[in-house]
Amino acid sequence: MGLMEIMKRYHQIAIDGPAGAGKSTVARKVAESLGYCYLDTGAMYRAVAYKALVEGISLDDEQAVTNLAQNTNVCFNRGDGRSVFCDGRNITTHIRSTEVSRAVSVVAAYPGVRERLVHLQRQEAAKGSVVMDGRDIGTYVLPEAEVKIYLTASEEERARRRYLENLQAGKVSSLEEVLEDIQQRDRLDSEREYAPLKPAADAYILDTTGLPAEQVAEKIVSIVRRD
Ligand code: DC
């Protein structure tokens with residue numbers, strides 16, 4: 001039996017959207033309500049970017065970054081859905097830094113890096129029902145997902161959420177700086193040639209501006225139950 005056939009035995013919910021749209025908070029709540037595993041694919045791209053920075057590999061060197069990704073194993077603690085392991089080492093607290101956030105869109109634009117991580121993501125989906133969040137889940141990674149959601153929110157609101165998250169994590173940043181980073185990342189993620197950020201043709205588009213995560217998660221769960 002092929003990987004695609006095995007994956008179809010389980011339920012798949014795809015949640016895509018730009019930075020700060022609330023994907024991870026919402027996806028985690030949806031997974032909890034449904035009893036599915038949560039998989040944060042952005043964390044996997046961040047893990048490769050982090051490893052490249054630590055090993056001093058030039059981000060512009062596509063071949064070197066691709067080789068690095070091909071030789072990297074990224075996995076999650078399926079129990080808490082939070083802890084990320086890179087080659088067996090827990091790197092959860094290291095991958096949200098400003099340096100990694102800036103490096104990640106460069107790394108994520110390389111087809112060889114995406115190929116490796118998509119392979120790992122589909123392997124995870126073959127193990128059980130999942131809620132997966134990212135940029136290309138509904139369009140590319142899990143094209144057969146039962147429910148596809150594209151979350152969005154105004155740029156200002158997304159920047160404000162990231163800014164508050166940073167504050168909570170004890171990171172000093174200005175709102176303007178966060179807004180600029182978000183705009184730059186959206187540009188790179190949407191304009192890249194390979195698997196760019198865009199809603200799947202059959203995705204539900206939800207604007208979360210002004211909505212609490214709890215309410216958005218409830219809406220998604222009701223869509224899943226209805227479908
Ligand atoms: O969701 P996040 O901010 O942790 O994602 C980090 C980066 O990884 C984001 O700038 C784009 C990239 N990414 C991607 O290209 N494809 C995915 N499925 C998930 C993330």
Side-chain angles (χ1 to χ4, degrees), residues 12-28 38-53 59 62 65-66 69 72 74 76 81-84 86 91-125 130-143 145 148-153 155 158-159 161-166 169 171 173 178-200 203 208 213:
Q12 300 170 346
I13 314 297
I15 302 187
D16 291 300
K23 295 185 301 292
S24 58
T25 315
V26 166
R28 192 169 277 127
Y38 164 58
L39 205 116
D40 173 0
T41 63
M44 301 173 86
Y45 289 93
R46 286 173 181 273
V48 171
Y50 173 72
K51 189 171 169 186
L53 291 175
L59 296 176
E62 177 169 352
V65 176
T66 301
T72 299
V74 187
F76 292 88
R82 267 171 209 277
S83 311
V84 191
C86 183
I91 55 159
T92 318
T93 55
H94 301 296
I95 57 171
R96 308 274 159 207
S97 69
T98 310
E99 293 72 31
V100 172
S101 296
R102 287 191 180 146
V104 68
S105 284
V106 179
V107 164
Y110 294 144
V113 171
R114 303 198 69 83
E115 201 180 296
R116 165 73 180 153
L117 296 184
V118 168
H119 170 73
L120 296 177
Q121 289 154 15
R122 289 182 178 155
Q123 259 185 354
E124 285 299 316
V130 286
V131 177
M132 210 182 267
D133 85 21
R135 304 292 189 286
D136 60 339
I137 310 306
T139 52
Y140 186 70
V141 181
L142 304 177
K148 299 176 185 177
I149 305 286
Y150 188 86
L151 283 190
T152 180
E155 260 182 9
R158 292 190 287 115
R161 288 178 187 166
R162 272 291 139 90
Y163 170 74
L164 292 174
E165 256 172 41
N166 287 353
K171 255 195 289 171
S173 59
V178 176
L179 180 61
E180 265 170 40
D181 277 352
I182 277 196
Q183 288 168 331
Q184 163 79 348
R185 209 134 65 85
D186 284 354
R187 210 165 23 245
L188 290 171
D189 293 343
S190 314
E191 290 174 4
R192 70 174 173 234
E193 215 168 298
Y194 195 75
L197 166 68
K198 63 164 189 228
T208 71

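Here, residue 1 is the first one in the sequence, and each next residue gets the next number. Every number for a ligand or one of its atoms is a count from 1 in the order of the listing.
- When the side-chain hydrogen bond (donor to acceptor under 3.5 Å, both in side chains) test is applied to T92, the partners found at least two apart in sequence or on another chain are N90.
- A salt bridge links D136 to R114: at least one charged side-chain nitrogen sits closer than 4.0 Å to a carboxylate oxygen.
- Within 4.0 Å of ligand 1, the residues that place a heavy atom are T41, G42, Y45, R46, R96, V104, S105, A108, R114, G134, R135, D136, I137, R185, D189, R192, listed by chain and number.
- Cation-pi geometry between R122 and Y140 is satisfied (NZ or CZ under 6.0 Å from the ring centre, within 45° of the ring normal).
- Between R158 and the choices T208, T152, D186, the side-chain hydrogen bond (donor to acceptor under 3.5 Å, both in side chains) rule is met once, by D186.
- Judged as a salt bridge (Lys or Arg N to Asp or Glu O under 4.0 Å), not a single pair has a partner in residues 13-22 (not counting sequence neighbours).
- Shown here are the side-chain hydrogen bond (donor to acceptor under 3.5 Å, both in side chains) partners of K148, two or more places apart in sequence or in another chain: D202.
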